[in-house]
Amino acid sequence: MQPWFPDAKLGVFIHYGVYAVGGAAESWSFYTGEMTHEQYMEQLDGFTASRYDPDAWAELFARVGARYAVLTARHHDGVALWDTDHRNLDVVRDTPAGRDLVTGFVDALRTRDLKVGLYYSHSDWNHPEYATERHPGPHIVPPNHYSHAEPGKEDPEAWARYLAYRDGQVRELVERFRPDILWFDGEWERTEEQWRMDELAELILAGNPDTILNGRMLSHGDYATPEQGAPLQAPDGPWELCLTINDSWSHRPQDRDFKSVRQLVRYFAETIGMGGNLLLGAGPREDGTIPEEQIERMEGLGAWIARHSDAVYATVGGLPAGHHYGPSTLSADRRTLYLMCFDTPRETVSVRGLRNRVERVTVLGTGAELGHHVTGGLDAVPGVTWIDAPGEADLDPYATVLAVELDGELDLYRGAGRD
């Protein structure tokens, strides 16, 4: 794990590929029968990337407060977005785009000091030698002929050739682009031993020891990646929540179920309040432009982050559940609590179990100072700290943040009270 990652707080997850041509559900659309394999592959002819502007992407990511971005360099369909020497399918030779799309992405991010993440699927449902092995089960996703050999039809030599192809492509990504993150997927289709994860991790880290690996590298993962469902308790160690802006990872114009800015702020605040990052998904059109509805929501979240940056960057997860009715973060020196209030506070905001003396409370973004006092408490059990509710002029439309300055490092009571 690299020290930049836990403090990044926000990343952008770009699912970009030929599946955007027909508005398909990424590679899954032919795997699950949403469309035929022939229909899916016809999308190759319509993928132009004609308005692909990675500099505009990177400017947007930086403007909304993201510190890293992850691009689907190769999804489960096996279509590589870079000029690979390990051929199966790629946009350079097999689509009208006719060029490497990863290099521009990497260069644009690095120009703005953003960390570079590249997504790569262990699986390739179009590779002729992929479905030559079987996971011994149980299966997370029902297998079919794209992913698994029929019982008794396994071919170890063909599977070894597939792994050599995968390793060759991963080596290219490491050596050409030196990514800060390699974000793997598809791990559920084989065991760690079948994937030869030890050898793959050794290959990656020999090429770039600073590359961090997500949890889908199994025992070699550096951080957890819960997806779509927000965890109720933080995973052990560093982690990120992968979340779509609507219900789709890729561009699906029929999917109009967009989360509101208020909902995204809530997801983000709850995630960083548990010490995680939010990796927010966006799905560009086949021409490379990001839909306006997604840009609007990213900009809305980014504006909230800009108003409350002290509560976001250089912080760690805040109070455990029960101490404050909402998420919170804690400054790196552990002397300032940032309380997040999604609803308009009525009369007071309370903090329970706080042993520290509160020196000052202000509204982040406006600087308004709020009164506070303590009631109750007995012996080792502290009383409740009550903070006066901010006035209407100091309320944020999405989440109001109170900065609570303490007389020392945070000291919490976690007991059951006096018998």
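The ring pair (Phe, Tyr, Trp, His ring centres under 6.0 Å) check on Trp57 picks up Tyr16, Tyr52, with sequence neighbours excluded. Partners of Asp124 according to the side-chain hydrogen bond (donor to acceptor under 3.5 Å, both in side chains) rule, which considers only residues two or more places apart in sequence or in another chain, are Asn88, Tyr165.
Under the 6.0 Å distance and 45° angle rule, Arg110 does not count as a cation-pi partner of Phe177.
Side-chain atoms of Asp394 never come within 3.5 Å of backbone atoms of Pro390 as a donor-acceptor pair (strictly under, hydrogens ignored). Between the Glu270 side chain and the Pro327 main chain, no donor and acceptor come within less than 3.5 Å of each other.
Checked against Trp195 for a ring-ring contact (aromatic ring centres under 6.0 Å, His included), the options Trp159, Trp188, Phe184, Tyr162 give a single hit: Trp159. Residue Tyr19 is tested with His251, His76, His75 for a ring-ring contact (aromatic ring centres under 6.0 Å, His included); the sole match is His75. Checked against Val265 for a side-chain contact (heavy atoms from CB on, under 4.5 Å), the options Ile305, Leu301, Asp396 give a single hit: Leu301.
A 6.0 Å sphere centred on CZ of Arg161 holds more than 12 heavy atoms belonging to other residues, nucleotides or ligands. Atom CG of Asp236 sits in a sparse spot, with 12 or fewer heavy atoms from other residues, nucleotides or ligands closer than 6.0 Å. When the shell of 6.0 Å around CD of Gln254 is examined, it contains more than 12 heavy atoms from other residues, nucleotides or ligands.
Here salt bridge (charged side-chain N to carboxylate O under 4.0 Å, His left out) pairs that include residues 354-367, with residues two or more places apart or in two chains, are Arg355-Asp411, Arg357-Glu359, Arg357-Asp407, Arg360-Glu369, Arg360-Glu405.
Atom CG in Asn214 sits 8.0 Å away from atom CD in Glu187 (nearest 0.5 Å). We find the CG-CD1 distance between Asp255 and Ile245 to be 11.0 Å, quoted to the nearest 0.5 Å.
A perpendicular orientation is assigned to the rings of His37 and Phe30, their planes being inclined by more than 60° (bins at 30° and 60°).
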